[in-house]
Amino acid sequence: GIQVEQSPPDLILQEGANSTLRCNFSDSVNNLQWFHQNPWGQLINLFYIPSGTKQNGRLSATTVATERYSLLYISSSQTTDSGVYFCAVVGYDYKLSFGAGTTVTVRA
Amino acid sequence: SAVISQKPSRDICQRGTSLTIQCQVDSQVTMMFWYRQQPGQSLTLIATANQGSEATYESGFVIDKFPISRPNLTFSTLTVSNMSPEDSSIYLCSVEVGTSGSVQYFGPGTRLTVT
């Protein structure tokens with residue numbers, strides 16, 4: 001199946017800082033989603049972004065499908081941004097494959 | 001989008017017993033999925049729950065251990081059978097919404113601890 005690699009695995013930020021999370025995938029994709037898993041385990045949809053750029057408040061994402069990567073930007077981070085960020089893609093098998101995630105800790 | 005609920009939200013079970021997890025969606029959906037998230041790990045697809053037919057299981061997951069029901073387009077159950085401590089995980093259901101560019105939405109999860 002399709003391989004999804006996320007970097008960095010861990011990220012520690014001071015409140016107010018900006019950061020970039022990266023997702024590389026090994027093959028063409030039909031769908032790419034970014035999720036935030038909060039400390040209670042709930043998986044929250046951030047973006048559906050198989051290509052192009054989207055913004056939602058302090059978060060934005062860009063996917064360059066031809067180069068097989070996506071970036072998630074967090075600006076002016078807040079403690080509520082802490083948690084695990086997952087990138088997931090749907091490839092030729094039409095199944096959602098998850099990366100290992102990036103654990104973000106924002107310190108006050 | 002879709003609003004998904006799961007019951008129970010968490011449980012602590014004895015080894016050798018079984019637990020059935022329920023997943024309810026607020027609208028009719030064709031595709032429902034069950035995932036497992038072991039402690040500190042990413043999500044792994046267990047099976048796709050098809051209405052009116054048997055579930056389709058991924059490699060490493062079998063029907064005897066994880067029987068699934070899908071009686072209608074808004075509801076599904078996953079049973080974790082003959083549990084062992086290795087089954088301690090978060091179990092999540094998800095649904096696929098949309099025709100052009102399907103998006104998956106996830107339920108809040110069921111946190112299972114097996115002692």
Side-chain angles (χ1 to χ4, degrees), chain A residues 1-10 21 23-26 28-54 56 61 63 65 70 83-105, chain B residues 1-11 21 23 25-26 29-50 55-61 88-113:
Chain A
I2 194 165
Q3 304 299 309
V4 183
E5 293 184 356
Q6 291 186 241
S7 60
D10 299 281
L21 283 60
C23 172
N24 293 331
F25 41 95
S26 61
S28 300
V29 298
N30 299 311
N31 175 9
L32 187 147
Q33 292 182 243
W34 282 98
F35 296 92
H36 175 216
Q37 188 168 42
N38 64 25
W40 296 271
Q42 184 144 14
L43 211 58
I44 299 165
N45 283 49
L46 297 178
F47 294 101
Y48 164 74
I49 187 167
S51 64
T53 298
K54 290 186 178 180
N56 184 3
T63 297
S70 183
V84 183
Y85 290 79
F86 288 105
C87 169
V89 303
V90 174
Y92 62 90
D93 59 1
Y94 300 102
K95 296 172 187 174
L96 196 62
S97 296
F98 280 78
T102 293
T103 301
V104 173
T105 303
Chain B
S1 65
V3 177
I4 305 167
S5 60
Q6 284 186 234
K7 290 181 182 178
S9 58
R10 58 177 60 230
D11 207 340
I21 302 167
C23 178
V25 192
D26 68 339
V29 293
T30 303
M31 306 294 283
M32 293 183 77
F33 307 89
W34 287 98
Y35 289 80
R36 181 177 73 181
Q37 186 178 24
Q38 294 177 300
Q41 303 296 313
S42 186
L43 280 78
T44 301
L45 180 63
I46 297 172
T48 302
N50 307 305
T56 304
Y57 289 83
E58 297 301 304
S59 176
F61 298 96
S88 297
S89 297
I90 299 175
Y91 292 87
L92 300 102
C93 71
S94 77
V95 302
E96 191 174 83
V97 176
T99 51
S100 60
S102 297
V103 182
Q104 278 199 30
Y105 294 88
F106 283 79
T110 295
R111 191 179 295 268
L112 171 62
T113 301

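Every chain is numbered from 1, with letters handed out A, B, ... down the list of sequences. These numbers were taken from a predicted model, which means no experiment stands behind them. All values below come from the heavy atoms of this structure, side chains included, with hydrogens, waters and symmetry mates left out.
Listed by sequence position, Lys95(A), Leu96(A), Phe98(A), Gly99(A), Ala100(A) are the residues of residues 90-104 of chain A in contact with chain B, using a 4.5 angstrom heavy-atom cutoff.
To the nearest 0.5 Å, atom CD of residue Gln42(A) and atom OG of residue Ser9(B) are 11.0 Å apart. Residue Arg10(B) holds its CZ atom at 12.0 Å from CH2 of Trp40(A), rounded to the nearest 0.5 Å. Summarising the geometry, atom CG belonging to Asn45(A) is positioned 8.0 Å from atom CZ belonging to Phe106(B); distances are rounded to the nearest 0.5 Å.
Residue Glu58(B) touches chain A through its side chain alone, counting heavy-atom pairs closer than 4.5 Å. If you measure heavy-atom distances from Tyr35(B) to chain A, the contacts under 4.5 Å come from the side chain alone. Contact of Leu45(B) with chain A is made through the side chain alone, with heavy-atom distances under 4.5 Å.
Scanning for side chain to side chain donor-acceptor pair (under 3.5 Å) contacts around Ser28(A) gives an empty result, with sequence neighbours left out.
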